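Below is one structure, written out as structure tokens, with a few remarks after it.
The structure displayed is predicted, hence computed values, not measured ones.
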Amino acid sequence: MRETVVKLTQVSKEFRRVKALFGIDMNVYRGDIYGFIGQNGAGKSTTLKIITGLIRSTSGEIRLFNEDRGNYTAKRIGSLIENPGLFPNLSAFDNMDIRATAIGISDKKEIGDLLDLVGLDKDDKKKVKHYSLGMKQRLGIAMALIGTPDLLILDEPINGLDPEGIKEIREVIRYLNESRQITIIVSSHILGELSKIATRYGIIRSGVMIEEIDAAELQHKCRNYLSLTIDDIESGVVVLEQELLIKDYLVANRNELQIYDQTEGQAVSAVLAKHHINIEQMYYKKQDLETYFLEKIGGGEHA
């Protein structure tokens, strides 16, 4: 059984009588890259702040590493939420050094190693106010990694980055998960990018957790299929099983059949016509990950 790193049970949050979260359940397991998806304002940042302890929930239970929150569990979490909180007139190393000192770490080698990890020069004296947004995000991730956390939380880490910056952050996240065995929660509304790295997903809409799903299960759901609306679904299924040997299909509702086997529409039409089964509608449905997410959360690609 997989170890649960984060478990939220019926967690709600209210700000001045305005509800931001409505009794959400969330389960993040050891080794996950958990893609947390939702529109701007859906409740992603509020949820992550509750997990990190930056704000308190109004109600519900939060368990981290199978125990209630305490000083020990808090130290096992690194986070980058909203912005890195950098000192603009200091170098990357000096920013890291201040952060390390604040949490009681004096190992200068660890600082240098973390800067190397995210692709920044530990000896570069350039002030971070002259850094690109991508460099600042990488520095923010390095700062979140001080103290060797078991869980890393990144809130919109690729927002506003150019394609090269997005690629760099994506590679850092994948490396930390695969080589450092760090469990990672990444929130984003850029669906295509999350699909390249996430192993599990949580989909939130208007403060409600709509669904949690493994990447493999999601891929299975997002296969293309031939949709048939026919007047006799039971007879149609029997005929197609026997004569076209279809095996992978789903009866979606009272009279819709979704066929996932590679089947020619013309052959299906001919077989059903031979048995006097009328086709009311037939079309190919191409469903990719973004289509699936958008149906869940609503909005455009960058919803």
Side-chain angles (χ1 to χ4, degrees), residues 1-2 4 22-29 31-39 42 44 186-303:
M1 187 174 179
R2 300 178 67 187
T4 303
F22 296 83
I24 71 167
D25 295 332
M26 183 179 190
N27 297 277
V28 181
Y29 302 110
D32 280 347
I33 299 180
Y34 186 99
F36 196 26
I37 298 170
Q39 294 177 318
K44 301 189 302 297
V186 187
S187 80
S188 184
H189 58 269
I190 304 178
L191 310 177
E193 286 304 320
L194 266 188
S195 68
K196 295 175 182 177
I197 57 173
T199 59
R200 291 186 69 242
Y201 299 92
I203 304 172
I204 189 170
R205 180 174 185 173
S206 301
V208 177
M209 186 72 84
I210 300 297
E211 183 177 34
E212 289 188 305
I213 186 169
D214 287 340
E217 183 183 353
L218 180 60
Q219 289 286 354
H220 185 76
K221 284 188 174 185
C222 288
R223 296 172 297 161
N224 298 338
Y225 61 87
L226 176 65
S227 174
L228 298 173
T229 303
I230 55 183
D231 61 0
D232 187 348
I233 194 75
E234 292 182 5
S235 298
V237 167
V238 172
V239 166
L240 293 171
E241 282 182 339
Q242 291 177 348
E243 300 200 18
L244 294 183
L245 305 178
I246 70 164
K247 297 179 180 178
D248 193 0
Y249 63 85
L250 173 69
V251 178
N253 51 48
R254 185 175 58 83
N255 62 348
E256 183 191 3
L257 180 65
Q258 298 175 357
I259 301 175
Y260 294 94
D261 287 320
Q262 289 191 347
T263 307
E264 292 293 333
Q266 186 174 359
V268 171
S269 298
V271 167
L272 294 177
K274 183 174 72 172
H275 291 272
H276 308 290
I277 298 170
N278 296 319
I279 299 176
E280 298 173 8
Q281 187 178 40
M282 180 170 66
Y283 62 91
Y284 280 100
K285 172 72 171 180
K286 293 184 177 181
Q287 178 157 282
D288 56 19
L289 296 177
E290 290 187 2
T291 301
Y292 183 89
F293 289 141
L294 292 174
E295 288 177 352
K296 293 287 185 179
I297 67 175
E301 176 184 354
H302 299 277

Does the pair K296 and I37 meet the rule for a side-chain contact (heavy atoms from CB on, under 4.5 Å), with working shown?
-> CA-CA 10 Å; K296 293 287 185 179; I37 298 170; over 6 Å; no
N255 side chain near D231 side chain, heavy-atom distance below 4.5 Å = no
To the nearest 0.5 angstrom, please state how far the CD1 atom of I277 sits from the OG atom of S235.
-> 5.0 Å
Could you tell me whether the side chain of L257 reaches within less than 4.5 Å of the side chain of L240, counting heavy atoms only?
-> yes
Does any N or O in the side chain of E212 come within less than 3.5 Å of the main-chain N or O of N27, such that one atom is a donor and the other an acceptor?
-> yes
Check for a donor-acceptor pair, side chain of Y284 on one end and backbone N or O of G265 on the other, with a separation under 3.5 Å.
-> yes
Considering all heavy atoms, the nearest G192-S195 contact = O-OG, 2.7 Å
Which heavy-atom pair separates A215 from A198 by the least distance, and what is that distance?
-> CB-O, 3.7 Å
State which residues pass side-chain hydrogen bond (donor to acceptor under 3.5 Å, both in side chains) with N224; sequence neighbours excluded, sorted by chain then number.
-> none
Taking the side chain as every heavy atom from C-beta outward, state whether K221 and I213 have any pair of such atoms under 4.5 Å apart.
-> yes
Is the shortest heavy-atom distance from the side chain of T199 to the side chain of Y29 under 4.5 Å?
-> no
Within-4.5 Å side-chain heavy-atom neighbours: D32 and R2 | yes
How many angstroms lie between CE in M282 and CD in Q266, if you round to the nearest 0.5 Å?
-> 9.0 Å
Report yes if some heavy atom in the side chain of K285 is under 4.5 Å from a heavy atom in the side chain of Q258; otherwise report no.
-> no
In Å and rounded to the nearest 0.5 Å, what is the CD1 to CD1 distance from I33 to I197?
-> 5.5 Å
Do S227 and E256 have side-chain atoms, one donor and one acceptor, less than 3.5 Å apart?
-> yes
Of all heavy-atom pairs between K44 and G38, which one has the smallest distance, and what is that distance?
-> NZ-O, 2.9 Å
Which residue, Y34, F36, F293, forms the side chain to side chain contact (heavy atoms under 4.5 Å, CB included) with Y201?
-> F293
Rounded to the nearest 0.5 Å, how far does CD1 of I279 lie from CG of L272?
-> 5.0 Å
Does a side-chain heavy-atom distance below 4.5 Å link L245 with D261?
-> no
Apply side-chain contact (heavy atoms from CB on, under 4.5 Å) to the pair E234 and V238, showing each step before the final yes or no.
-> CA-CA 7 Å; E234 292 182 5; V238 172; 5.9 Å; no
Taking the side chain as every heavy atom from C-beta outward, state whether D25 and M209 have any pair of such atoms under 4.5 Å apart.
-> no
Heavy-atom closest contact (I246 atom, E241 atom, distance) | O-CG, 3.7 Å
Please say whether more than 12 non-hydrogen atoms of neighbouring residues, nucleotides or ligands are located less than 6.0 Å from CD in E280.
-> yes
Looking at CD1 of I204 and CD1 of I24, how far apart are the two atoms once the value is rounded to the nearest 0.5 Å?
-> 5.0 Å
